[in-house]
Trainee: 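Mind looking over this structure? Questions follow.
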Amino acid sequence: MPASPIRKLMPYAEKAKREGKKVYHLNIGQPDIETPHEVFDAIRKINFKVLEYSHSAGIESYRRKLAEYYRKYEIGIGYENILITTGGSEAITFGMMSTLDEGMKSSFRNHFMQNIMALQFLPVL
């Protein structure tokens, strides 16, 4: 799979930082808001010996809350049809894998090119 164009830029950003330049990262999902203190409080209170993996589709209570949220907007989706991913790129890849067949044309552009090429879709540029 070809290297991601965003990842190719990282050495330039790192060099600019070393030179004292301000770099604004608009990539790879870096949060730009403070983490709520409740999150850190909850982490400090954890008292278990093994940090287990969650369900492969995501934590059920969260999926149920999402389904409830969507019902407010008249979107009828059951929690069992919601899949939680670790990032947007993974979600897009899963979406493409479940809706496109090998050799189909896709109108996704540039920064998704690696996903498209890896899945044998033909980008329409």
Side-chain angles (χ1 to χ4, degrees):
M1 179 180 345
S4 162
I6 289 174
R7 296 199 195 304
K8 287 181 184 178
L9 294 174
M10 289 307 295
Y12 298 107
E14 291 165 356
K15 180 178 183 276
K17 283 183 183 178
R18 285 193 301 273
E19 294 171 354
K21 296 175 183 169
K22 176 69 176 161
V23 175
Y24 294 94
H25 291 278
L26 303 175
N27 60 0
I28 314 188
Q30 182 68 344
D32 62 350
I33 58 173
E34 283 189 27
T35 303
H37 68 88
E38 293 87 355
V39 171
F40 293 116
D41 290 345
I43 291 170
R44 286 185 197 97
K45 293 177 184 174
I46 290 175
N47 186 22
F48 49 83
K49 295 181 182 190
V50 176
L51 180 59
E52 299 174 345
Y53 292 142
S54 65
H55 187 285
S56 62
I59 297 170
E60 184 177 322
S61 61
Y62 179 54
R63 293 184 293 133
R64 286 182 181 275
K65 286 287 187 185
L66 285 174
E68 183 180 312
Y69 170 83
Y70 286 117
R71 274 194 297 280
K72 292 178 189 176
Y73 297 95
E74 298 180 12
I75 300 172
I77 185 167
Y79 80 93
E80 60 280 343
N81 292 315
I82 294 176
L83 177 67
I84 306 302
T85 65
T86 58
S89 190
E90 182 185 24
I92 290 167
T93 300
F94 286 167
M96 290 189 318
M97 290 171 64
S98 65
T99 58
L100 301 174
D101 292 322
E102 184 175 329
M104 287 181 75
K105 292 184 178 182
S106 166
S107 62
F108 287 102
R109 296 206 179 250
N110 242 356
H111 60 291
F112 298 118
M113 183 70 76
Q114 286 66 38
N115 303 61
I116 295 165
M117 299 305 288
L119 297 171
Q120 302 298 308
F121 303 135
L122 303 175
V124 176
L125 301 175

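Residues take their numbers from the sequence shown, with the count starting at 1.
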Trainee: Can a side-chain donor-acceptor contact be found between Arg64 and Tyr79 if the only test is distance below 3.5 angstrom?
Mentor: yes

Trainee: Answer yes or no: are there more than 12 heavy-atom neighbours, outside Phe48 itself, under 6.0 Å from its atom CZ?
Mentor: yes

Trainee: Minimum heavy-atom separation for Ile77 to Asn81, with atom names?
Mentor: CD1-O, 3.7 Å

Trainee: Taking all non-hydrogen atoms of both residues, which atom of Thr85 and which atom of Ala91 are closest, and how far apart?
Mentor: OG1-CB, 3.6 Å

Trainee: Please round to the nearest 0.5 Å and tell me the distance separating atom CD1 of Ile82 and atom OH of Tyr70.
Mentor: 6.5 Å

Trainee: State plainly whether one hydrophobic cluster holds both Ile75 and Ile84, where clusters connect Ile, Leu, Val, Met, Phe, Trp and Tyr through side-chain heavy atoms under 4.5 angstrom apart.
Mentor: yes

Trainee: Drop me the distance from Lys15's NZ to Met10's CE, to the nearest 0.5 angstrom.
Mentor: 15.0 Å

Trainee: To the nearest 0.5 Å, what is the distance between CZ (Arg18) and NZ (Lys21)?
Mentor: 11.5 Å

Trainee: To the closest 0.5 Å, what do you measure between CD1 (Ile43) and CD (Glu38)?
Mentor: 12.0 Å

Trainee: Is it true that the NZ or CZ of Lys72 lies under 6.0 Å from the centre of Tyr69's six-membered ring and within 45 degrees of the ring axis?
Mentor: no

Trainee: With rounding to the nearest 0.5 angstrom, report the CG to CD1 distance, Asp41 to Ile46.
Mentor: 11.5 Å

Trainee: In Å and rounded to the nearest 0.5 Å, what is the OG to CG distance from Ser56 to Leu83?
Mentor: 7.5 Å

Trainee: Considering non-hydrogen atoms only, spot the tightest contact between Ala67 and Gly78 and give its length.
Mentor: CB-C, 4.1 Å

Trainee: Answer yes or no: are there more than 12 heavy-atom neighbours, outside Glu34 itself, under 6.0 Å from its atom CD?
Mentor: no

Trainee: Is there side-chain contact between Arg63 and His55, with heavy atoms separated by less than 4.5 Å?
Mentor: yes

Trainee: Considering residues, nucleotides and ligands other than Ile59, do more than 12 of their heavy atoms fall under 6.0 Å from its CD1?
Mentor: no

